[in-house]
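See below for the structure under consideration.
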Amino acid sequence: MAKILFVTLYDEYCLGVRQLMAELRAAGHEAWLLCMKQYGKKVLRSGEEAPAEWQVELLPNGERSVLCYPYPITATEAALATGLLQRLKPDVVGFSVYSPQIARTIEMTELVRRALPTTPICWGGPHATLDPAGSAEYCDFVMVGEADLPIIELAEALDAGRGWRDIPSVAYRLPDGTVQKNALSPVVQDLDSLPFTWHRPEGVFYIDNDTLTEGEPFPTSDLRRSHKIMTSRGCPYACTYCMLSFQKEVMPDSTKLRYRSTEHVMRELEETKARMGHFFLEIEDDIFTLRPERMEDFFAEYARRVAMPFWCYTHPQYARESMLRILRENNAQFVVMGIESGSNRVANEVFNRKVTNKTIIEAAHRIRESGLRPYYDLISNNPFETEEDRIETFHLVRSLPKPFELQLVELNFYPGIAISRMREERGLPRKVDFQSYRYWNALYHLASAVDLSDRDAERLLTDETFRRDPAILESMANEAKRLVRALGEADLLARNYEREVQRLGARLEELRAELVHIKARRGFTLFMKISEVLRWIKHDLLGLRPRSAASATGALGHLRDTGAPGQHDVVTEVTAPLDFREADEHGLKARPLPGQPSQPAAQQEPFVPQR
């Protein structure tokens, strides 16, 4: 049995790693997960520099918020991690590496090296796939691409005493400095063959705020209230800024979309429901609304077996009316759709989006008409843009039906992906001047919250005052966005309240039907009790002793004590069949019941009713 410890930083959800952990345990190996530091955002101070690899959200007030901020690891937390490593003694320590956390990953790798000098260290995840040669400088070997199959091969090799150098999808640095890249493992085509993602508490450790816990997520983590899931793998598009487009280049068999069956997903969600009770579902498929027939089948089961609030991603070309209606009817709290650029030139020539502004506007109107709350993603601070591109983006944003939430982020250039190669070929900077884009970002936010007339738009574009001092626009945009967000939350609350009233109404009808059934059972119960008393009375009248020790008088008292019909719903056991066969044609000579001795009636005591 091999022992593998996974380490993630600032990502307690880590679906990919939890999936590998489940697969190793299902194969009979030991696997643990250390979630080092909680996911969190941080608003940067004015003038504070942000490394190029950080994911930066551009706020309406002109501030920048770092998504998944790499908060420092304290000395106490490092000591806790060291103690855990030395206690578990894994055969391999594997890091899931994202480019924004590269500096902290290097720091944690060095910590592992000090704690376990002879233990091999592996890097995997998006950054390792994008830059295996660079990653191999810091670890013993790299695992490229989807690791479902090679991670099992690695564990079996370790268990058999073999090394990792011949494992598929592995890359490592040779003594001469060159990098050896093994042939890639095929991807899993049948996703139903994989176990459910590991969300159980066993073997999962959390370190943050100078505290180590096992099986208990961070106190403020969304992991306590939400469940993330992927029902498919892959995306039909090849956007130049996306890691998946690069993965398609290096792993051709990953270009085909692969789906889990509805039954497989439902069983995972039923386990989650049993474990968490009420939860919020986050569907992480790149585009969930691709196949109408799959969605119909999915939500027919979802409504019956899960019925939890959720959100998902859609796409301008797949935001069809029928699909949006299904999402709305099944309690989608909101949908997220990527716009990315309002410039047709940038969207098609730079981003390879193959989506026109006309398609985006039509999709936005369908979303609005469906009653869903939309979030639209938009990429800014883009060195490929011209003044005309930014103006076109501004006009697109203001033409979208309101209300909606605009999520504005900086363009990132991750190693190896197509847009990074394009930038290098054209000699463009990796980061644009933040101050020069403040005016445009404020315009985008303002246009997302306020209906601007053509006259208003023209003034905002031509008045140099706003360009010189974008703080004026930022103040207006921030206040408008605050009101829009409050109205959106109030609308969502009202919609959820209405849905809850409908749910309670349906439950009331179910309870009424159950009450009718219960009353029927109670009536039958009373009938059985009366029948039992009549049997006892008949036996006494005919001079036959009932098998029960209770007398007919006692039985009558018991019946009187039970109260009015409907007070009890426990069916009493009938100990013998009722027998109203006549004694004989001459009178009261009784015909004995089966199993009872025949006795003359005169020898029996008469029945004397008591008052």
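Values below: every heavy atom of this structure, side chains too, minus hydrogens, waters and symmetry copies.
Remark: the Thr74 side chain and the Asp210 side chain contain an N/O donor-acceptor pair separated by less than 3.5 Å. Ser221 and Glu12 form a side-chain donor-acceptor contact under 3.5 Å, judged by distance and modelled atom types alone. For the residue pair Arg294/Ser232, the side-chain donor-acceptor check at 3.5 Å is not satisfied.
In this structure, CZ in Arg325 is found 5.0 Å from CD in Glu329, a value given to the nearest 0.5 Å. Interatomic distance, Asp140 CG to Arg173 CZ, rounded to the nearest 0.5 Å: 12.5 Å. One distance of note links NZ of Lys273 with CG of Leu269; it measures 10.0 Å at 0.5 Å rounding.
Between Tyr10 and Tyr69, a ring centre-to-centre spacing not shorter than 6.0 Å is recorded. Aromatic ring centres of Phe298 and Phe288: separated by under 6.0 Å.
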| query | Can you check side chain to side chain contact (heavy atoms under 4.5 Å, CB included) on Arg258 and Asp192, steps first, answer last? | reply | CA-CA 10 Å; Arg258 293 155 288 155; Asp192 283 4; over 6 Å; no
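Between Tyr241 and Phe351, the ring-plane angle classifies as perpendicular under the 30° and 60° cut-offs.
Between Arg104 and Glu77 there is no salt bridge, since none of the side-chain N atoms of the basic residue sits less than 4.0 Å from a carboxylate O of the acidic one.
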Tabulate below the donor-acceptor pairs under 3.5 Å that side-chain atoms of residues 307-316 make, not counting sequence neighbours, or state none.
unit_1, atom_1, unit_2, atom_2, d
Trp311, NE1, Glu282, OE1, 3.1
Thr314, OG1, Thr289, OG1, 2.8
His315, ND1, Gln317, N, 3.1

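With a 6.0 Å radius and a threshold of 12 heavy atoms from other residues, nucleotides or ligands, Asp166 has its CG atom at or below the threshold.
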